[in-house]
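Data block below; observations after.
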Amino acid sequence: MKTLIDKKIDEKKQGNVLTIENQIVGTKKLYIESYGCQMNFSDSEIVASILNKENYSTTRDISEADLVFVNTCSIREKAEQTVRKRLEVYNSIKKSINPKMVVGVLGCMAERLKEKFLEEEKLVDIVVGPDAYRDLPNLIKEVEDGRKAVNVFLSKEETYADIKPVRMSGNGVTAFVSITRGCDNMCTFCVVPYTRGRERSRNPKSIVQECKDLFLDGYREVTLLGQNVDSYLWYGGGPKKDFKNATAEQKKNAINFSNLLEMVAKVNNKLRIRFSTSNPQDMTDDVIEIMAKYDNICNYIHLPVQSGSSRILKLMNRGYNRDEYIALVDRIKNKIPDCAISMDMITGFCTENDDDHNDTISLMKYVKYDYGYMFKYSERPNTAAEKKFEDDVPEEIKQKRLVEVINLQQKQSLENNKKRLNKTYEVLIEGLSKRSKNHYYGRTTHNCVVVFEKSSHKVGDYVNVIINDCTAGTLKGKII
Ligand code: SAH
Ligand code: F3S
């Protein structure tokens, strides 16, 4: 999820600007820009929904905005630097063109820095953490009354289950549906448990209803979203860690991730289901079985590994070792032979040596991932790794290892795609190709992007496409 977005940010030096279709037209204008993971993009839709009721409609033009929000990411230092640079740009716009604009920081950076943000960035008027968006109308009033406003309260219950997100003006075919918030895994390198709080699951009824509504609105694919979807557990609300205190009745009726997956798969067999992110330590065999049972659950798993070295995995507190990870991949491939797998990988974690790195390379050669999101380790303040270990791998070595891992992944992605030549796949049409108005693009069940010549079919239709050419990132084909 991350690199793709990071790359886009690098290209544009600007985050994704959200505009809402079919919104109630308000007299005030909201400009909202999002960085980081899919969850942030999804949260921005919730924010826009809350503020639409307060008479705000979205705009892409910052110079006319009454309210400017940036939804931020803290995962790596670079992500934070990008946001700081954007704030400088907002500052100059405020001074030169739009003195009335109120500026707010949302999301993980807001949660991490809290009031400090107001001291560090004089321009900022509002700081709101990921669980406090319902309070936005009050916070905005405070600012209108001449005060600065902060709410970084992390909730044990909040899932925004009842708020119908206003869909980003996307393709109208694929949508993200959030199912859990927060994370309890405490990987030592990761800031998420501190910025997004305790893990909690959303009521399955509201999830299924949202998927049904999306299908009726013409959507044909949903991605169930959470930091660790396999850990989903609904027992009536509240944090996952308190499940042990639930009543016998609650425990008996609890819904886990495989149950939820089946409920969503049954919404309609023409609705494709994906999910992200799977954590190897929480992924159970019943999830693999449900995937194999339902054709509309896509044959694709994003299964972050982070390292191929058991020693490093232990330091990362990932909860599995190399052999266990490989055994899981084997079980997946055994039950779903053509299942595509992608990963996240970190190079240069504390104490990583050449042997550890070689373990990463050999693991990649074993799994032959279809896709990868690869990062250099970036030390984050207050994480366990920052407190306990030294960030001792020199920058050049981190970089060299990253390049090696990326090059290998490129090569393997191309090899995997070549194996798909002359085969026919069902493709869900998502829209017009960015490069040509005469071509559509869509994806196969494996999440491979396919480009093919336009036909009488519409966006949102399923078509069978025979593959006749490919690059590492794209398949090309012809409708049959
Ligand atoms: N479970 C989450 C993971 C969030 S972070 C999800 O839904 O994707 C996404 C990826 O960023 C992680 O899998 C990891 O590979 C990378 N990452 C997290 N913290 C990092 C750090 N401190 N330095 C470098 N990469 C990091
Ligand atoms: Fe971060 Fe590990 Fe959770 S990577 S989001 S602490 S599963």
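Every number for a ligand or one of its atoms is a count from 1 in the order of the listing. Residues take their numbers from the sequence shown, with the count starting at 1.
Heavy-atom proximity to Lys376, at under 4.0 Å, picks out these atoms of ligand 1: 23 (N), 24 (C).
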Run the side chain to side chain donor-acceptor pair (under 3.5 Å) test on Tyr294 and Glu262 for me, step by step, so that the C-alpha distance in whole Å, both residues' side-chain angles and the decisive distance to 0.1 Å come before the verdict.
CA-CA 8 Å; Tyr294 289 90; Glu262 183 153 35; 2.4 Å; yes
Let's go through Asp356 and Arg401 carefully: what are the C-alpha distance in whole Å and the side-chain angles of both, what is the deciding distance for salt bridge (charged side-chain N to carboxylate O under 4.0 Å, His left out) to 0.1 Å, and is it a yes or a no?
CA-CA 11 Å; Asp356 299 313; Arg401 289 179 186 160; over 6 Å; no
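Residue contacts with ligand 1 for Ile346 involve side-chain atoms from C-beta outward but no N, CA, C or O (heavy atoms, distance under 4.0 Å). Contacts between Pro193 and ligand 2 below 4.0 angstrom, taking non-hydrogen atoms only, involve the side chain exclusively. At a heavy-atom cutoff of 4.0 Å, ligand 1 is contacted by both the backbone and the side chain of Phe189.
Remark: minimum distance from atom 1 (Fe) of ligand 2 to any protein heavy atom is reached at Cys190 SG, 2.3 Å. Among all protein heavy atoms, the one lying closest to atom 2 (Fe) of ligand 2 is Cys187 SG, 2.3 Å.
Donor-acceptor pairing under 3.5 Å is lacking for the side chains of Glu386 and Asn382.
Here Cys183 does not reach atom 1 (Fe) of ligand 2: none of its N/O/S atoms is less than 2.8 Å from the metal.
Taking 4.0 Å as the cut-off, Asn279 counts as a neighbour of ligand 2 on heavy-atom distance. The shell of residues lying under 4.0 angstrom from ligand 2, judged by heavy atoms, includes Arg318.
Between the side chain of Arg322 and the backbone N or O of Ser309 there is no donor-acceptor pair closer than 3.5 Å.
With respect to Arg380 and Glu80, a salt bridge is recorded, a charged nitrogen being found less than 4.0 Å from a carboxylate O. Under the 4.0 Å criterion applied to side-chain N and carboxylate O atoms, Glu121 and Arg84 are assigned as salt-bridge partners.
Here atom 5 (S) of ligand 2 lies nearest to Val192 when heavy atoms of Thr188, Val192, Thr277 are compared. Taking only non-hydrogen atoms, the option from Gln306, Arg76, Met316, Met343 nearest to atom 26 (C) of ligand 1 is Arg76.
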